[in-house]
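This is a predicted model, so every value here is computed, not measured. Sequential numbering from 1 along the given sequence is applied to the chain's residues.
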Amino acid sequence: MAQQKQTNYFDPKNNPFLDPKNNPFLDPQKNPFLSADVSKMFGGYSTPELQDLMDSQRKNFEALAAANKTAVEGFQAVFTRQGEILKQIMDEANATLQSVQAGEKPEAAAGQNIDQVKDALEQAVSNMRELSEMVSKSQQEAFDILNKRVGEQLDEIKKTVDGANGTGGAAKK
């Protein structure tokens with residue numbers, strides 16, 4: 001079999017759209033972007049230094065790690081407190097069972113049992129409130145760490161932009 005010659009469509013001889021005579025976008029006389037000096041177009045802008053970018057990202061990761069550590073420590077504290085609450089409930093339940101097994105008449109202990117149920121409900125609500133406040137505090141601390149870093153990063157960006165515009169700050173070129 002004879003091998004066919006492939007046509008190179010990127011060659012102006014084979015593609016009339018790549019010939020500046022047929023395509024005004026490729027004619028430097030008609031398209032000002034082809035004759036423009038790109039270095040002059042972007043010469044007024046400064047670019048951030050690589051070290052500055054790396055430092056900024058390092059600070060981002062440090063803030064994220066600190067926020068995660070705070071959140072984990074908060075949840076560990078919540079789980080520890082839940083364990084303490086469970087132990088307290090079990091101790092109280094054991095004491096109640098022992099008093100029932102001691103032979104007290106149920107009719108005589110009815111008022112006392114109602115008071116114990118009331119106290120148990122109040123304690124349960126108090127415990128739930130305490131755990132909820134612990135979780136909320138932990139989340140707020142983690143959020144504050146991230147919020148502080150976002151503010152710092154916006155200040156860094158503003159300083160870079162101000163320096164590039166010549167309105168203040170020290171930008172590096």
Side-chain angles (χ1 to χ4, degrees), residues 32-33 36-173:
F33 293 104
D37 186 1
V38 178
S39 64
K40 287 182 182 177
M41 288 171 57
F42 295 105
Y45 297 101
S46 65
T47 58
E49 292 291 322
L50 182 60
Q51 186 62 43
D52 293 342
L53 289 173
M54 289 174 37
D55 288 344
S56 179
Q57 289 303 315
R58 179 185 47 77
K59 291 176 186 176
N60 291 345
F61 284 120
E62 287 173 354
L64 189 58
N68 284 336
K69 181 181 178 196
T70 300
V72 167
E73 288 172 351
F75 283 115
Q76 285 175 336
V78 168
F79 293 142
T80 300
R81 182 64 183 125
Q82 282 178 331
E84 293 169 356
I85 291 170
L86 181 60
K87 183 182 180 315
Q88 178 185 358
I89 290 170
M90 295 307 291
D91 290 344
E92 290 172 4
N94 275 337
T96 302
L97 283 175
Q98 287 176 358
S99 71
V100 168
Q101 290 176 349
E104 292 182 24
K105 292 185 179 182
E107 299 84 18
Q112 183 182 0
N113 290 341
I114 292 173
D115 288 339
Q116 286 177 342
V117 169
K118 180 181 172 188
D119 291 343
L121 287 174
E122 289 174 354
Q123 187 62 41
V125 169
S126 173
N127 290 339
M128 288 190 307
R129 183 178 296 120
E130 178 187 359
L131 292 173
S132 174
E133 289 170 358
M134 288 175 71
V135 169
S136 177
K137 180 183 175 201
S138 172
Q139 289 175 341
Q140 185 63 43
E141 288 173 358
F143 178 78
D144 288 345
I145 291 169
L146 294 176
N147 192 34
K148 179 182 174 196
R149 178 60 196 138
V150 168
E152 290 171 353
Q153 190 163 30
L154 290 174
D155 289 342
E156 291 169 5
I157 292 169
K158 183 178 186 282
K159 181 179 173 184
T160 301
V161 169
D162 286 348
N165 293 333
T167 58
K172 298 177 184 177
K173 285 191 178 183

K.L.:
Let me confirm one number: the CD-CD distance from Glu92 to Gln123, rounded to the nearest 0.5 Å.
P.N.:
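One finds 6.5 Å between CD of Glu92 and CD of Gln123.
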K.L.:
For salt bridge (Lys or Arg N to Asp or Glu O under 4.0 Å), just list the numbers for Glu62 and Lys69, CA-CA rounded to whole Å, side-chain angles, deciding distance to a tenth of an Å, and then say yes or no.
P.N.:
CA-CA 10 Å; Glu62 287 173 354; Lys69 181 181 178 196; over 6 Å; no
K.L.:
Are the side chains of Leu86 and Gln82 in touch, meaning some heavy atoms are under 4.5 Å apart?
P.N.:
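A side-chain contact under 4.5 Å is absent here.
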K.L.:
Can you measure from OG (Ser136) to CD (Glu141) and round to the nearest 0.5 angstrom?
P.N.:
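Atom-to-atom, Ser136:OG and Glu141:CD are 10.0 Å apart.
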K.L.:
Taking it one step at a time, do Lys87 and Asp91 satisfy salt bridge (Lys or Arg N to Asp or Glu O under 4.0 Å)?
P.N.:
CA-CA 6 Å; Lys87 183 182 180 315; Asp91 290 344; 3.1 Å; yes
K.L.:
Taking side-chain contact (heavy atoms from CB on, under 4.5 Å) as the test, write out the residues that go with Ile89, two or more places apart.
P.N.:
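Result, side-chain contact (heavy atoms from CB on, under 4.5 Å) vs Ile89: Ile85.
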K.L.:
Please list all pairs meeting salt bridge (Lys or Arg N to Asp or Glu O under 4.0 Å) that have one or both residues in residues 117-126, counting only residues at least two apart or in different chains.
P.N.:
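Listed by first then second residue: nothing to list.
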K.L.:
Enumerate the salt bridge (Lys or Arg N to Asp or Glu O under 4.0 Å) contacts for residues 125-134, please, sequence neighbours excluded, ordered by first and then second residue.
P.N.:
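Those involving residues 125-134 are Arg81-Glu130.
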K.L.:
Looking at Thr70, Asn68, Leu64, which hits side-chain contact (heavy atoms from CB on, under 4.5 Å) with Leu146?
P.N.:
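Of all the options given, the one that passes is Leu64.
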K.L.:
If you apply the rule side-chain contact (heavy atoms from CB on, under 4.5 Å), what do you find for Leu121 with Val125, and how did you get there?
P.N.:
CA-CA 6 Å; Leu121 287 174; Val125 169; 5.7 Å; no
K.L.:
For side-chain contact (heavy atoms from CB on, under 4.5 Å), just list the numbers for Asp155 and Lys159, CA-CA rounded to whole Å, side-chain angles, deciding distance to a tenth of an Å, and then say yes or no.
P.N.:
CA-CA 6 Å; Asp155 289 342; Lys159 181 179 173 184; over 6 Å; no
K.L.:
Only one of Gln153, Glu152, Gln51 passes side chain to side chain donor-acceptor pair (under 3.5 Å) with Ser56; say which it is.
P.N.:
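One option only clears the test, and that one is Gln153.
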K.L.:
May I ask you to test the Arg58-Phe61 pair for a side-chain heavy-atom distance under 4.5 Å?
P.N.:
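The answer is no, as the side chains (C-beta and beyond) never meet within the 4.5 Å cut-off.
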K.L.:
With the side chain counted from C-beta on, respond yes when Gln140 and Asp144 share a heavy-atom pair under 4.5 Å apart, and no when they do not.
P.N.:
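In contact.
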K.L.:
Are any of the side-chain heavy atoms of Lys158 and Leu154 separated by less than 4.5 Å?
P.N.:
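No, every pair of side-chain atoms sits at 4.5 Å or beyond.
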